[in-house]
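See below for the structure under consideration.
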Amino acid sequence: MVEIKELTYILAIAREGSISRAAEKLYMSQPNLSQFLKNFEASIGTVLFYRTPSGVHPTYAGELFLEKIKEIDRSYQAAMRELKQMRMLELGVIRFGIPAAKSVLFLGDILNSFHRNFPQITVSITEANSRALEEMIISQQLDAALISTHLNNDSIVHHPITSEELFLAVSPSHPLLKLAQGEEGGNGRRWIAPEQLSGLDFIVSEPGTKIRKITDRLFDGYRIRTRTLYSVSNVNVALEMVQSGLGITFVSALRVPHPSNLIYLSLGESGIYRDVVMVYSAGSCHLKTVEAFASQVYTTVRDRFPL
């Protein structure tokens, strides 16, 4: 049976084009490597290299053999990387980013469940908005992040977690409810046509946030002209202002409090949704650890907020 070490010797000879240079790279003597090649060729009954004054060159049979053992070497190296990553599941640190608004919802459950399965792994938490988290993922300051967008980067893995609807939060006495369609009461879905939002007073998220970008695109797309009375960073403050009759606001499904005295309307009959995804670098040295953590995030979020 051929050993991996022997294939490494053959590949080194082919790569260097010289037995003496290959021996130097392999930290062995030239005579020993030359004898190895002679014995190896004799054992398989085929000459793999022409010997010339300028070095060695693969024969036709040698080229075919090299093509196959390169595939074996790639598979072996991939297997070794995977074993190394599996060992890292026993000990390590994950740098995880999450928006503050989502961390209060399920971060505790995620960490508790993950720690039970991988008690030796430390999770370092960074809270920031999605834009900052995107930049930290791309610059490899974070190993993984939970965000509401897809990054246009081939080196970034996107692990879908869930999809959340954006609702319009209104007070029970707001005149907009007279225009709402759908079933009232219970779990009935009620919705409002986006065109009917013109002229209303809005409480909006701060510029630069994902939900603000979505609402700005909505307003522009439907040519909606509203009055922005307040711009706030805290969704709970926005909902309190809606309760006080100061206006209406957009809120994601994951942030809808239960119970609530407000009415939550879908936008259009089919609603507007955004994806929640785990993103991480495909080339991360902690890939297996990060994948295990992503799986835990998926399980926890879907259990708490099923589709």
Side-chain angles (χ1 to χ4, degrees), residues 1-96 114 117-124 137-144 151 153-159 278-296:
M1 179 180 291
V2 177
E3 297 182 2
I4 291 294
K5 179 176 66 174
E6 295 174 325
L7 299 184
T8 301
Y9 292 170
I10 299 295
L11 289 171
I13 293 170
R15 185 169 56 250
E16 298 300 325
S18 164
I19 294 178
S20 60
R21 287 198 298 270
E24 185 178 343
K25 294 286 185 180
L26 294 168
Y27 300 101
M28 61 190 301
S29 70
Q30 186 271 338
N32 284 345
L33 184 58
S34 182
Q35 187 62 49
F36 156 78
L37 179 59
K38 182 179 178 180
N39 294 341
F40 187 84
E41 289 176 326
S43 70
I44 62 175
T46 303
V47 175
L48 299 178
F49 294 94
Y50 296 117
R51 278 72 163 176
T52 71
S54 61
V56 295
H57 307 279
T59 62
Y60 177 69
E63 289 179 349
L64 294 178
F65 185 71
L66 284 167
E67 185 177 322
K68 294 300 182 182
I69 65 173
K70 285 177 181 177
E71 293 178 5
I72 295 172
D73 183 62
R74 284 192 291 268
S75 297
Y76 173 75
Q77 296 301 331
M80 294 303 294
R81 285 194 298 270
E82 187 162 341
L83 286 174
K84 181 179 179 181
Q85 291 165 354
M86 290 296 292
R87 288 196 299 271
M88 291 179 68
L89 283 173
E90 301 173 1
L91 184 66
V93 177
I94 295 177
R95 300 167 300 171
F96 177 58
F114 187 72
N117 294 320
F118 305 99
Q120 302 303 316
I121 296 177
T122 300
V123 181
S124 173
I137 284 289
I138 293 172
S139 63
Q140 299 185 358
Q141 297 176 60
L142 292 176
D143 296 309
L151 303 184
N153 190 314
D154 292 339
S155 67
I156 302 300
V157 177
H158 295 77
H159 187 122
M278 271 278 286
V279 293
Y280 50 89
S281 172
S284 172
C285 62
H286 306 291
L287 185 58
K288 286 296 179 183
T289 308
V290 172
E291 287 177 339
F293 187 71
S295 179
Q296 186 62 65

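Index from 1, following the sequence.
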Just how far is it from atom CD of Q30 to atom CD of Q35, taken to the nearest 0.5 Å? 10.5 Å
Looking only at heavy atoms, which two atoms of P58 and L66 are closest? And how far apart? CG-CD1, 3.8 Å
Q140 atom CD, over 12 foreign heavy atoms within 6.0 Å: no
Looking at side-chain heavy atoms only, is the closest gap between L48 and V56 below 4.5 Å? no
Aromatic ring pairing F293/F96, orientation class (parallel under 30°, perpendicular over 60°, tilted between): perpendicular
For S20, what residues pass the side chain to side chain donor-acceptor pair (under 3.5 Å) criterion, not counting sequence neighbours? S18
Only one of Y27, F40, F36 forms a ring-ring contact (aromatic ring centres under 6.0 Å, His included) with Y9, so which one is it? F36
Applying side chain to side chain contact (heavy atoms under 4.5 Å, CB included) to I10 and F49, what does each step give before you reach the verdict? CA-CA 10 Å; I10 299 295; F49 294 94; 4.3 Å; yes
In the structure I gave you, are the side-chain heavy atoms of R51 and L37 within less than 4.5 Å of one another anywhere? yes
Is there a side-chain contact between L7 and Y76 in this structure, where contact means two heavy atoms from C-beta onward sitting under 4.5 Å apart? no
To the nearest 0.5 Å, what is the distance between CD1 (I69) and CD (E6)? 10.5 Å
Give, for atom CG of L11 and atom CD1 of I4, the distance between the pair rounded to the nearest 0.5 Å. 9.5 Å
If you look at every heavy atom in A294 and Y280, which pair is closest and at what distance? CB-CE2, 4.1 Å
What's the separation between atom CG in L64 and atom CD in E67, rounded to the nearest 0.5 Å? 7.0 Å
Atom pair CG/CD1 of L142 and I94 - distance to nearest 0.5 Å: 11.5 Å
Residues, nucleotides or ligands: over 12 heavy atoms within 6.0 Å of E41 CD: yes
